[in-house]
Amino acid sequence: MALKVRLHARARADLRAIRDYLLENAGPGPAERVRLHLKEKIARLSESPNIGTRSSMPQIRVLPPTRYPYRIYYTTVADAVIILHIRHTARQTPERGELED
């Protein structure tokens with residue numbers, strides 16, 4: 001049974017910031033490709049929520065980058081996967097407070 005996927009407000013803001021940055025610096029084509037890629041990776045979590053690796057915070061998993069350099073931080077609850085944060089790999093690992101609800 002597939003879990004629901006919910007985006008925390010922080011993750012929604014992250015996606016907007018990624019799109020805005022790419023639109024300004026790379027153009028609409030690359031921005032759309034990255035958007036679709038991240039959307040696909042997030043959707044896969046509904047079917048396979050344990051594909052990410054455990055972080056230093058036991059309740060939080062990280063989906064590592066594949067084609068584009070973004071890590072997806074998420075947690076699972078009874079019926080949902082909650083996307084907490086999406087972060088470029090060039091940035092430092094987020095602090096615990098940045099990932100808590």
Side-chain angles (χ1 to χ4, degrees):
M1 181 173 118
L3 298 176
K4 296 176 188 172
V5 175
R6 297 191 323 232
L7 279 95
H8 188 276
R10 168 109 193 207
R12 283 193 300 275
D14 294 336
L15 288 171
R16 283 190 301 274
I18 291 166
R19 180 201 63 216
D20 292 348
Y21 176 85
L22 290 171
L23 281 171
E24 183 175 322
N25 294 285
E32 181 65 6
R33 285 190 295 277
V34 170
R35 184 190 74 79
L36 290 173
H37 179 75
L38 291 173
K39 181 180 175 183
E40 180 182 298
K41 287 185 74 165
I42 289 168
R44 280 194 322 177
L45 289 171
S46 72
E47 294 291 335
S48 303
N50 293 322
I51 60 175
T53 58
R54 291 195 185 274
S55 72
S56 61
M57 295 164 267
Q59 73 281 15
I60 297 174
R61 289 185 169 270
V62 181
L63 196 55
T66 51
R67 173 175 280 161
Y68 300 104
Y70 295 97
R71 288 188 183 101
I72 298 171
Y73 295 83
Y74 68 97
T75 192
T76 55
V77 293
D79 64 342
V81 174
I82 303 169
I83 308 303
L84 301 169
H85 187 33
I86 302 165
R87 194 172 189 109
H88 194 281
T89 57
R91 296 178 62 199
Q92 290 183 330
T93 302
E95 300 289 328
R96 178 180 300 271
E98 293 180 87
L99 296 175
E100 293 176 342
D101 289 336

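Index from 1, following the sequence.
Clustering ILVMFWY residues whenever any of their side-chain heavy atoms sit less than 4.5 angstrom apart, transitively, puts V34 in the very cluster that holds I72. Both Y70 and L7 sit in one connected hydrophobic cluster of ILVMFWY residues. Membership requires side-chain heavy atoms under 4.5 Å apart, directly or through other members. V77 is not connected to L45 by any chain of hydrophobic side-chain contacts under 4.5 Å among Ile, Leu, Val, Met, Phe, Trp and Tyr, and they are in different clusters. Residues I18 and I42 share a single hydrophobic cluster, defined by chaining ILVMFWY side chains whose heavy atoms lie under 4.5 Å apart.
The backbone N or O of P64 lies less than 3.5 Å from a partner atom in the side chain of K41, making a donor-acceptor pair. No side-chain donor-acceptor contact under 3.5 Å links S46 to the backbone of A2.
In terms of heavy-atom proximity, P49 sits nearest to R61 at O-CD, 3.8 Å. Closest approach of L3 and A78 over heavy atoms only: CD2-O, 3.9 Å. Summarising the geometry of P28 relative to L23, their closest heavy-atom pair is CA-CD2, 3.6 Å, with the distance given to 0.1 Å. Residues I51 and R44 come closest through the heavy atom pair CD1-NH2, 4.3 Å.
In this structure, the separation between CG on L84 and NE2 on H8 is 6.5 Å, given to the nearest 0.5 Å. Here the straight-line distance linking atom CD of Q59 with atom OG1 of T76 works out to 10.0 Å at 0.5 Å rounding. Atom CZ in R16 sits 11.0 Å away from atom CD1 in I86 (nearest 0.5 Å).
Counting only heavy atoms from C-beta outward, the side chains of H85 and D14 approach each other to under 4.5 Å. A 4.5 Å side-chain heavy-atom check between R35 and L15 finds every atom pair outside the cut-off. Looking only at side-chain heavy atoms (C-beta outward), Y74 and L63 come within less than 4.5 Å of each other. The side-chain heavy atoms of M57 and T75, taken from C-beta on, include no pair separated by under 4.5 Å. A 4.5 Å side-chain heavy-atom check between D79 and K4 finds at least one atom pair inside the cut-off.
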* To do: Begin with the C-alpha distance, continue with both residues' side-chain angles, and end with the deciding distance and a verdict on side-chain contact (heavy atoms from CB on, under 4.5 Å) for R33 and L22.
  => CA-CA 10 Å; R33 285 190 295 277; L22 290 171; over 6 Å; no
